Amino acid sequence: MSAHPSSSHDPARDSGSGSARGTDRWQATASAAGLLAEDGSVAVTIFAEMSALAVRTGAINLGQGFPDVDGPEYVKQAAIKAIEAGRNQYAPGDGVPELRQAVAEHQKRHYGLDVDPDTEVLVTTGATEALTAAVLALTRPGDEVLTLEPFYDSHAAAIGMSGATHVTAPLVPGPDGFRLDVEALRAVATDRLRMILLNSPHNPTGTVLTRDELEAVAAVAREYDAIVVTDEVYEHLTFGAEHVPVATLQGMAGRTLTISSSGKTFSFTGWKVGWVHGPADLVTAVRTVKQYLTYTSGAPFQPAIAQALADDDTPRALAASLADRRDLLCAGLEAAGFVVTRPAGTYFVMADASAVLARLGLRDGVELCRRLPELAGVVAIPASAFCRAGSPTARALANHVRFTFVKREEVLRDAATRLAGLGVPLS
C-alpha cells in the first residue's frame, strides 16, 4: 500500500471538508468538530462545557472518561527512576528503543503480528497525535475518509484539518448492542475513498466490532484500495467479547496502521504515551508529519511504559473490575428510567433517555445533560456530540446520553443513588 494517494482528484471538490467558512484551516477544523457557530464564533467542546458544569455544581462527573485512581505503583516507580537517572531530555523522535521493542513484542504475543520495531513502530504523544498525524500525512482535499457514526470527536477534527471529506456509516442500537450497518457502509464507499478510520472497541457506544463486521470493512478497503487506520486504545478493556485487530485479517497487514496507547490500558491518561505500527512506508509518512508536531515527548514515561507492556495481568484485572462497575452503573441507570445498551468494552455506556425526557418535559439529550447536574447531581455527555449535526444518526440518537463507569465503586454507587430520583414520578 503506497503512502501516497494515486486516485484522481476533482478540483471542484478540493475545497476540503465542505466548510463554507473560508479557507483558514482552524475554521475548517472547528466546523468539522461542530464547534463553529453561524456568526463565526467558536464554542468550547461539550466535554469542556460539562466538566466546567460539574465543577460549578459539585456534580459527579460521569462525562469525561478518565480514571479517578492511578495505575500500578511499579510503573510510577519506573518513571521516577528514569527521571532520577537523567532521562529528562529529548527522547528519540521514533520513541525510545525499549518501548518500540515492547510494542512489537506485545503485538506478537497477543495477536501473532510480526512487527519490526525499528521501521514499523512510531511512539506518539498519545493515540490522538497518532490519529491526527496519520490523517494529515495520508489524505488531502478531494479524498474521502470514512468513520463509523457516532464517532470520537477528534476523528472529525483531524479530517477537518486535512481538508478531506468526512463520510460515515452508522452504528445502530439493538438487542445485541450497537451494530454496524454493513449495507450503509458499502453504499457510502466511492472511488474517492482514501482512508477508513476505525475505532473498536468503540467510543462512545462501547461496542466491540465482530470479526464479520471487520471483514466487511476490510472488503471495502481492499475494493477501493483504501488505508485503514485503527484506533484500538481500549483493546484490553473488553467484557467477554473478542477484540480482533484489523491487521490480523487476510490481506490487511499491508494497508493498516494500528494505533493504541498506555493511557487506557494502564490508567495513566495524563502521560500521553501512544504508538502506531504498520507498513514501513506508511509509518514513514506518519513520522514525517509527527516530527513537526510534538517531535517527541514523555522521555521518562516511555521506558516505564515499556516495562508495563510486558504485564498482561494488570489489564486483565482492570477489565474484570470495569465489568463489575459497568453492571453497577447500568443497574442504576435502569432504575432511573433509562434504557441501557450494555457495552462489551471501553469505559462507556450509552443510554436512551426517552422515558426520562418525557417524565421531565425536556426536549432531548443535550437539554437533559445541561439540566442533569441540577436535577440529579450527575454529569453525562449527549450522544449527539459524537455525530455530525443534523445527520440521520444524530437524529436517531437525539435522546441518548453517554456515561462513564471508569470511576471508583463508591462514586458510582453515589451517582446511582442520585440518579434514582429521576425514576420517581413527578407529583
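Predicted model, so just to flag it, every value in this text is computed and none were measured.
Evaluation of the side chain to side chain donor-acceptor pair (under 3.5 Å) rule for Q302 yields no partner, not counting sequence neighbours. The side chain to side chain donor-acceptor pair (under 3.5 Å) search around D327 returns R342, not counting sequence neighbours.
Side-chain contact check for D311 versus V75: every heavy-atom pair is 4.5 Å or farther apart. Looking at heavy atoms from C-beta onward, E235 lies out of side-chain contact with P245 at the 4.5 angstrom threshold. With contacts defined as side-chain heavy-atom distances shorter than 4.5 Å, the pair L249/V244 qualifies. When side chains are defined from C-beta on, N61 does not count as touching M50, because their heavy atoms never get closer than 4.5 Å. Annotation: side chain of L136 is not in contact with side chain of Y292 (no heavy-atom distance under 4.5 Å). Between L185 and V217, the closest side-chain pair of non-hydrogen atoms falls below 4.5 Å. Looking at heavy atoms from C-beta onward, P204 lies in side-chain contact with M350 at the 4.5 angstrom threshold. Using a 4.5 Å cut-off on side-chain heavy atoms (C-beta onward), D364 and S384 make no contact.
A distance of 6.0 Å or more separates the ring centres of H106 and H277.
Closest heavy-atom contact between A82 and P300: CB-O, 3.5 Å. Contact record, R194 with T139: CG-CG2, 4.0 Å, taken as the closest heavy-atom pair. Taking each heavy atom of R87 and P303 in turn, the nearest pair found is NH1-CB, 3.6 Å. Contact record, P279 with T256: CD-O, 3.3 Å, taken as the closest heavy-atom pair. Across every non-hydrogen atom of T124 and A130, the tightest pair is OG1-CB, 3.5 Å. Minimum heavy-atom separation, L62 to K407: CD2-CG, 3.8 Å.
There is a side-chain donor-acceptor pair under 3.5 Å between S297 and T125. In this structure, a donor-acceptor pair under 3.5 Å is absent between the side chains of T210 and D212.
Below 30°, between 30° and 60°, or above 60°: for H243 and Y111 the angle between ring planes is above 60°, a perpendicular geometry.
A donor-acceptor contact shorter than 3.5 Å links the side chain of T190 to the backbone of R192. R255 places a side-chain N or O within 3.5 Å of a backbone atom of A226 that can act as its donor or acceptor partner. Judged by distance alone, the side chain of S321 and the main-chain N or O of A317 form no donor-acceptor pair under 3.5 Å. Panel note: side chain T119, backbone A280; no donor-acceptor pair is recorded below 3.5 Å. Distance alone, capped at 3.5 Å, places no donor-acceptor pair between the E149 side chain and the T168 backbone. Of the possible donor and acceptor atoms, none in the side chain of R100 sits under 3.5 Å from a partner among the backbone N and O of D116. Of the possible polar contacts, one joining the N199 side chain to the D231 backbone as a donor-acceptor pair under 3.5 Å is found. At distances below 3.5 Å, not a single donor-acceptor pair connects side-chain atoms of D24 with backbone N or O atoms of W26. Under a 3.5 Å cut-off, the side chain of S200 and the backbone N or O of L209 do form a donor-acceptor pair. Listed for the D68 side chain is a donor-acceptor partner under 3.5 Å among the backbone atoms of R408.
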(request) Check the pair E49, R370 against salt bridge (charged side-chain N to carboxylate O under 4.0 Å, His left out), reporting the backbone distance first and the verdict last. (result) CA-CA 9 Å; E49 178 186 350; R370 286 176 172 150; 2.7 Å; yes
(message) Quick one, T346 with N203, criterion side-chain hydrogen bond (donor to acceptor under 3.5 Å, both in side chains). Give me CA distance, side-chain angles, the key distance, then yes/no.
(response) CA-CA 7 Å; T346 76; N203 176 12; over 6 Å; no
(request) Evaluate the ring pair (Phe, Tyr, Trp, His ring centres under 6.0 Å) criterion for residues F386 and F47: first the C-alpha distance (whole Å), next the side-chain angles of each, then the deciding distance (0.1 Å), finally the verdict. (result) CA-CA 11 Å; F386 304 95; F47 310 99; 5.6 Å; yes
(message) One pair to check against ring pair (Phe, Tyr, Trp, His ring centres under 6.0 Å): H236 and H110. What are the steps and the verdict?
(response) CA-CA 10 Å; H236 294 298; H110 285 279; 4.8 Å; yes
(message) T341 vs T205, test: side chain to side chain contact (heavy atoms under 4.5 Å, CB included). Steps then yes/no.
(response) CA-CA 8 Å; T341 303; T205 68; over 6 Å; no
(request) Apply side chain to side chain contact (heavy atoms under 4.5 Å, CB included) to D312 and R109, showing your working. (result) CA-CA 10 Å; D312 295 335; R109 185 170 73 253; 3.0 Å; yes
(request) Take E144 and Y224 through the test side-chain hydrogen bond (donor to acceptor under 3.5 Å, both in side chains) and record every step on the way to the result. (result) CA-CA 11 Å; E144 292 177 346; Y224 291 94; over 6 Å; no
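Atom-to-atom distance recorded for L171:CG and L148:CG is 4.5 Å, nearest 0.5 angstrom. Rounding to the nearest 0.5 Å gives a distance of 6.5 Å between CD1 of I381 and OG of S51. Atoms CG and CD, on D414 and E409 in that order, are 12.5 Å from each other to the nearest 0.5 Å. Here the CG atom belonging to D324 is positioned 11.0 Å from the CZ atom belonging to F405, to the nearest 0.5 angstrom. From T132, atom OG1 reaches atom CD1 of I159 across 10.0 Å, with rounding to the nearest 0.5 Å. Once rounded to the nearest 0.5 Å, the distance linking CG of L53 with SG of C369 reads 9.5 Å.
Comment: E73 engages K76 in a salt bridge, judged by a side-chain N to carboxylate O separation of less than 4.0 angstrom. Salt-bridge check for K272 with E129: failed, with every basic side-chain N at 4.0 Å or more from each acidic carboxylate O. Ion pairing between R211 and E215 fails under the 4.0 Å rule for side-chain N and carboxylate O. Using a 4.0 Å cut-off between charged side-chain N and carboxylate O, K81 and E84 make no salt bridge.
Residue Q89 places its CD atom among 12 or fewer non-hydrogen atoms of other residues, nucleotides or ligands, all under 6.0 Å distant. More than 12 non-hydrogen atoms from other residues, nucleotides or ligands lie less than 6.0 angstrom from CZ of F239.
None of H166, H155, R388 except one satisfies the side chain to side chain donor-acceptor pair (under 3.5 Å) rule with T147; the exception is H166. Test F348, F338, Y347 against F403 for ring-ring contact (aromatic ring centres under 6.0 Å, His included) and you get one pass: F338. Of the residues listed (I305, V233, L99, L309), the one engaging S262 in a side chain to side chain contact (heavy atoms under 4.5 Å, CB included) is I305, and it is the only one.
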